[in-house]
Amino acid sequence: QVRLVESGGGLVQAGDSLRLSCTFSGRTFSRYSMGWFRQAPGKEREFVVGVSWRGGPTYYADSVKGRFTISRDNAKNTVYLQMNSLKPEDTAAYYCAARMLGNVGLKSDEWTDWGQGTQVTVSS
């Protein structure tokens, strides 16, 4: 059974950076596409970024292009989300998702495994 544990969230000011980590266990990490979603209060969970199990390509939501970068380290079974130039509208709970041997999906129901989430709050 896949287990995903996110870390790295926190309270920052607009313009700051954060790096989220998601540690994967339970299965063979290199066989899983990995993604990040986020959910703000009162809103639906939305796709942020994903990377194929092949290591590429990567896909980004328009709202984060040029500011966020996803990377994966198969030796450490970890996927990272580097977030730069954070904005108040980036405030949300961020969730790590996994999908075995599948393409990166833009919809949450295309992913099979989820972490518990880590909160990111950006103050203005």
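Bear in mind the structure is a predicted one, so any value in this text is a computation, not a measurement.
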Do any side-chain atoms of residues 20-34 form donor-acceptor pairs under 3.5 angstrom with protein atoms, and if so which ones, sequence neighbours left out?
{"from": "Ser33", "atom 1": "OG", "to": "Trp53", "atom 2": "N", "distance (Å)": "3.0"}
{"from": "Ser33", "atom 1": "OG", "to": "Gly102", "atom 2": "O", "distance (Å)": "2.4"}

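- Under the 4.5 Å side-chain heavy-atom criterion for grouping Ile, Leu, Val, Met, Phe, Trp and Tyr, Val120 is connected to Val48 within one hydrophobic cluster.
- Note: Lys107 NZ to Glu44 CD = 11.5 Å, rounded to the nearest 0.5 Å.
- Sorted by first and then second residue, the side chain to side chain donor-acceptor pair (under 3.5 Å) pairs with a member in residues 85-102 read Arg38-Asp90, Arg38-Tyr94, Arg67-Asp90; sequence neighbours excluded.
- Scanning all heavy atoms of the two residues, the minimum distance from Phe47 to Leu106 falls at CB-O, 3.4 Å.
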Let me have the donor-acceptor pairs involving side chains of residues 1-15, under 3.5 Å, with sequence neighbours excluded, atom names and distances please.
{"from": "Glu6", "atom 1": "OE1", "to": "Gln116", "atom 2": "N", "distance (Å)": "3.1"}
{"from": "Glu6", "atom 1": "OE1", "to": "Gly117", "atom 2": "N", "distance (Å)": "2.9"}
{"from": "Glu6", "atom 1": "OE2", "to": "Cys96", "atom 2": "N", "distance (Å)": "2.8"}
{"from": "Glu6", "atom 1": "OE2", "to": "Gly117", "atom 2": "N", "distance (Å)": "3.2"}

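- Cluster membership check: Met83 shares its hydrophobic cluster with Val79, using side-chain heavy-atom separations under 4.5 Å among Ile, Leu, Val, Met, Phe, Trp and Tyr.
- Without hydrogens or angle criteria, Ser63 side chain to Ala61 main chain gives no donor-acceptor distance under 3.5 Å.
- Distance check, rounded to the nearest 0.5 Å: OG1 of Thr69 to CG of Leu81 gives 8.0 Å.
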- [ ] Check the pair Thr112, Met100 against side chain to side chain contact (heavy atoms under 4.5 Å, CB included), reporting the backbone distance first and the verdict last.
- [x] CA-CA 8 Å; Thr112 55; Met100 190 177 76; 5.8 Å; no
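- Within the 3.5 Å criterion, the main-chain N or O of Gly105 finds a donor-acceptor partner in the side chain of Trp111.
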Open item on the list: Before you tell me yes or no, could you show the steps for Gln82 and Ser17 under side chain to side chain contact (heavy atoms under 4.5 Å, CB included), namely the whole-Å CA-CA distance, both residues' side-chain angles and the distance that decides it to 0.1 Å?
Closed with: CA-CA 7 Å; Gln82 178 66 43; Ser17 297; 3.9 Å; yes
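- Follow the hydrophobic side-chain contacts under 4.5 Å out from Trp114 and you never reach Val51; the two are in separate clusters.
- Counting only distance, with no hydrogens or angles, the side chain of Arg72 and the backbone of Ser52 share a donor-acceptor pair below 3.5 Å.
- Residue pairs that meet the ring pair (Phe, Tyr, Trp, His ring centres under 6.0 Å) test with at least one member in residues 56-82, sequence neighbours left out, do not exist here.
- Shown here for Pro88 and Ser124, the closest heavy-atom pair between the two residues is CG-CB, 3.8 Å.
- With sequence neighbours excluded, no residue forms a side chain to side chain donor-acceptor pair (under 3.5 Å) with Asp16.
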Open item on the list: Under the criterion side chain to side chain contact (heavy atoms under 4.5 Å, CB included), I'd like the reasoning laid out for Trp36 against Val64: C-alpha separation, chi angles, the key distance, then a yes or no.
Closed with: CA-CA 12 Å; Trp36 290 93; Val64 306; over 6 Å; no
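- Annotation: side chain to side chain donor-acceptor pair (under 3.5 Å) contacts of Lys43 (sequence neighbours excluded): none.
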